[in-house]
Amino acid sequence: MTEAGPQYVSLSSLTETEREVRSAFTTGSRLDLGGRPVRGPVLAALLTGAYPLEAGAMPALRLDNATVTGSFDIEGRTIDHVIALRRCTFELPPILRMARLVGLTMPGCRVPGVKARNLRVGSDLVLEPGFTCTGVLDLTDATIEGTLRLAGAVLRNPNGAALLGARLRVSGSIQGVAARAFGEVRLRGANIGGSVHLTGARMANPAGPVLEATGMAVEGNLMCDTGGGRFDATGTVLLSGARIGGDAVFSGAHLHNGTATENHVLVLPHGTAEDHTVLDADRLRVDGDVKLDAGFTAAGAVGLRGARIGGHLLLSGATIGRRDVVARLAAAFASGTAVDRVPVALVGDGVEVFGDVECRGAVNGKIDSDGDRRTALRTYGQVRLVDAHVHGSASLSRARLCGPAIDVLFADRLRVGGTLFLRKVRISGSVRLQNAHIGSSLDCSGARLIKPRLRPNGTVKPSLDARVATIGKDLLCSYGFLAIGGVRVRLVEVGKMATFGGARLGGRTHPKHPVTDKSLSAYGLTAQELVLAFSPRRPPRGQVVLTRASVVSVIDGPGLWAARGGIDLEDFSFTAITSHPEVSVRTRLAWLRAVQPDFAPGPYEQLAAVYAGGGDEERAQLVQLERQRRRYAELNVAGRMWGRLQEWTVGYGYRPWLAMVWLLLFWLLGLLWFNTHVMEKLDADVNPVWNPPLLATDLLLPIVDLGQDNKWRMVGASQWIAGALIAVGWILATTAAAGATRVLKRG
């Protein structure tokens, strides 16, 4: 059905009330009709000059409590008179399309809609307070050269759009404090010269977007916070591609009943994402801060993919995600079932924050180093920060991230210019920081990570997975740090210290829960100092892998060597090692024997090199002796016998004085024997002198001829004694040569 055009009402056809309106219009005075009716075409005729006015008239339409019947239609007309209607009731939607108005105020008016596409208002458009619209307030492509005032207004169109403001241009601000909107509020592509104030507003559109502001440009601030009331949005708030010149403030806001979105592809290791979005701010550009803090509640996902935030991202005191998903995830973990549908709480893939990310709780507006657990960030579902870049620091200290059996913090390739604080954080799920770059420190002191992600076969993934990450300063996993699924820092580069002092790695939170096989995987880790001083009462509950790790100094203790799954030390290199309290070299060798049932030479060579480099040759020799014992102990019978012989005679070349002791002992035996057993000479033409000391020496020393050997006829037991001395001499010479060769090669 097409709309009927404006109907002209002749001057003679005006009612008495309408004549009063005409008279008041002529002088610009305010007229209270007390609910009496006036026809819309009459008002339109007055404004468009259809009725002659007296000389010197100063016309303006100022009506109170009028009931406007029929169509009030000024489409396409230029009105040079002020229109000020208060508490008026319209029978039909006013038609203001393409009209040009000096000003329009309608506080307290009730209309079944407003048709104002391409409207142009030369000053403020005032629809406050008490303005009620039960249809569509259509301001598509409208231009307001002042401020759009909607404070306290009620826009009600539950089955459709409550406000259509696509490409709306407002030179000033939008004042919508405590406004009520039931239906979609559409500001797509709008351009606001000032700020948008929706403090304390309540908006509802459960069937779809409640605030559709895709591509909106705001020179000032976007205020969707509390103040005399709480900003409450039932439905999805869309700010994709919006640009905010100041701050985007959602402090204390309540967003809920978001819709599931299918248009965003999330790259997950396994499975798909459950994305019930309540705030979609993908590609948002904010020159100031984004404040989702101070009681901000989002019962669904918050999207910040590709957003650019010039200031800080504040999340202290926020609660994000749907709590009902936790019970399902916890049940999956308890049953050992991998989760294939991952609920999402916060999606910040590719977000860039030029300031800090702040999630710590505040007490009386003040934030200490660890924050406050009662007002820190809480999330239910996965927090994604893949390829995110934080130029400052990011603090999640004392935050609560709930996502059993999933990667609750998924931040591959995250870049943080300062420190990433996870101090005293409470995490149900796993933290994934693969290929992350942390400019200063990764501080996990006092963190508790339980119920880690599960693999498809039901086994446990690491609670903290930071493989191939780069940390400029320190990796701190101490002071009560707990990781039920263990820690993976494979190929991680740490600028200074990596400490696990007093940490608890591995274990279970329930007797039926699965246990990790590797409590610490530090393959290829590099650092200046590595602290592995675990409590002996709570040693790692899985294997500790230090293969190819390279550090300058190591601090260990008995807790490390009591690891339930053993320790892999192949090619682990360091230049100094200490323990608190200090232990003897024999204790260290006992630790090595306990964790290495199969012999590997590398750890012994490394430990010996450390002692030798520190000038402690005695300890270095003890380590080398133990290495040789372990080496020959795994050979066949002949090899083991040869090893024993070398150990007893020359200490594998590290105790050459033993050979002298054995030579002296056998020389004394030979001397005693030949002192009492004189042999006959072999050749009657030769007249050698019998000299038992010289004879014993000549028999023991191979190659050397002192003129006594082969001069006497050895008979009986003397023959066996002489043979034994010769054999002993050769054996001692051979083992001494082998040991000397080994020592020379080592040197």
Side-chain angles (χ1 to χ4, degrees), residues 250-252 279 289-299 301-302 304 312-323 325-326 329-330 343-348 351 353 355-363 365-386 388 390 392-404 406-411 414 416 418-433 436 438 441-453 463-466 476-477 479-485:
F250 285 83
S251 301
L279 175 58
D289 298 337
V290 173
K291 299 181 180 181
L292 308 176
D293 61 346
F296 171 80
T297 302
V302 172
L304 291 170
H312 306 304
L313 173 59
L314 306 179
L315 294 163
S316 298
T319 301
I320 303 175
R322 295 164 51 212
R323 301 190 184 203
V325 304
V326 176
L329 297 177
V344 176
L346 174 63
V347 186
V351 66
V353 181
D356 298 334
V357 175
E358 184 60 75
C359 304
R360 294 176 294 176
V363 180
K366 297 182 179 179
I367 301 177
D368 62 16
S369 60
D370 292 339
D372 183 81
R373 63 181 178 82
R374 296 167 296 180
T375 54
L377 170 68
R378 291 177 181 267
T379 64
Y380 301 93
Q382 188 176 79
V383 175
R384 293 180 53 89
L385 293 173
V386 176
V390 180
S393 295
S395 178
L396 280 78
S397 296
R398 290 195 183 274
R400 300 293 189 271
L401 309 183
C402 301
I406 66 172
D407 288 315
V408 68
L409 177 56
F410 189 3
L414 169 68
V416 179
T419 297
L420 175 57
F421 291 98
L422 296 175
R423 292 176 61 88
K424 300 181 181 179
V425 69
R426 297 295 181 265
I427 292 178
S428 181
S430 290
V431 174
R432 177 165 162 155
L433 296 170
I438 312 299
S441 298
L442 173 56
D443 189 350
C444 302
S445 302
R448 293 178 59 86
L449 284 64
I450 63 173
K451 299 182 180 179
R453 179 184 156 206
S463 287
L464 174 59
D465 186 354
L476 307 175
C477 298
Y479 297 105
F481 175 79
L482 168 65
I484 292 296

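Hydrogens, waters and symmetry mates play no part in the numbers below; they use all other heavy atoms, side chains included.
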Donor-acceptor under 3.5 Å ([X] side chain, [Y] main chain):
{"X": "Asp356", "Y": "His312", "result": "no"}
{"X": "Ser428", "Y": "Arg426", "result": "no"}
{"X": "Arg323", "Y": "Gly321", "result": "no"}
{"X": "Ser393", "Y": "Thr419", "result": "yes"}
{"X": "Asp372", "Y": "Arg374", "result": "yes"}

Subject >> Distance-only side-chain donor-acceptor flag, Ser441 / Asp443, under 3.5 Å >> reply: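 Not at all, the side chains of Ser441 and Asp443 share no donor-acceptor pair under 3.5 Å.
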As an exercise, state the distance from [atom1] of [X] to [atom2] of [Y], rounded to the nearest 0.5 Å.
{"X": "Arg432", "Y": "Leu464", "atom1": "CZ", "atom2": "CG", "value": "12.5 Å"}
{"X": "Leu315", "Y": "Arg360", "atom1": "CG", "atom2": "CZ", "value": "12.5 Å"}
{"X": "Ile484", "Y": "Ser430", "atom1": "CD1", "atom2": "OG", "value": "11.0 Å"}
{"X": "Leu433", "Y": "Leu422", "atom1": "CG", "atom2": "CG", "value": "7.0 Å"}
{"X": "Phe421", "Y": "Glu358", "atom1": "CZ", "atom2": "CD", "value": "9.5 Å"}
{"X": "Arg400", "Y": "Leu377", "atom1": "CZ", "atom2": "CG", "value": "10.5 Å"}

Over all atoms of both residues, closest heavy-atom pair of [X] and [Y]:
{"X": "Pro404", "Y": "Cys402", "answer": "CD-C, 4.0 Å"}
{"X": "Cys477", "Y": "Cys444", "answer": "SG-CB, 4.2 Å"}
{"X": "Ala388", "Y": "Gly348", "answer": "CB-O, 3.8 Å"}
{"X": "Gly403", "Y": "Val408", "answer": "N-CG2, 3.7 Å"}
{"X": "Leu442", "Y": "Ile438", "answer": "N-CG2, 4.2 Å"}

**OP:** Kindly indicate, with the supporting measurements, whether the criterion side-chain contact (heavy atoms from CB on, under 4.5 Å) is fulfilled by Val357 and Leu385.
**Re:** CA-CA 12 Å; Val357 175; Leu385 293 173; over 6 Å; no
Original post:
Given the rule in the side-chain contact (heavy atoms from CB on, under 4.5 Å) test, do Phe296 and Ile320 qualify, once you have shown the distances and angles that lead to the verdict?
Top reply: CA-CA 8 Å; Phe296 171 80; Ile320 303 175; 4.1 Å; yes
Subject >> Residues in salt bridge (charged side-chain N to carboxylate O under 4.0 Å, His left out) contact with Arg322, at least two apart in sequence or another chain >> reply: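 Arg322 satisfies salt bridge (charged side-chain N to carboxylate O under 4.0 Å, His left out) with Asp324 only.
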**OP:** Go through the structure and list residues passing salt bridge (charged side-chain N to carboxylate O under 4.0 Å, His left out) with Lys424, not counting sequence neighbours.
**Re:** Asp370
Original post:
So Val431 and Val425, side-chain contact (heavy atoms from CB on, under 4.5 Å) or not? Walk me through it.
Top reply: CA-CA 11 Å; Val431 174; Val425 69; over 6 Å; no
**OP:** May I ask you to test the Leu313-Leu304 pair for a side-chain heavy-atom distance under 4.5 Å?
**Re:** yes
Subject >> Test item: Phe481 and Leu476 side chains (from C-beta on) under 4.5 Å apart, heavy atoms >> reply: no
Subject >> Any residue meeting side-chain contact (heavy atoms from CB on, under 4.5 Å) with Ser251, in chain and number order, not counting sequence neighbours >> reply: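 Per chain and number, Ser251 pairs via side-chain contact (heavy atoms from CB on, under 4.5 Å) with Asp225, Val249, Lys291, Asp293, Ala294.
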Original post:
Is Arg453 salt-bridged to Asp407, going by a charged N under 4.0 Å from an acidic O?
Top reply: yes
Subject >> Stepwise side-chain contact (heavy atoms from CB on, under 4.5 Å) test for Leu346 and Thr379 >> reply: CA-CA 8 Å; Leu346 174 63; Thr379 64; 5.6 Å; no
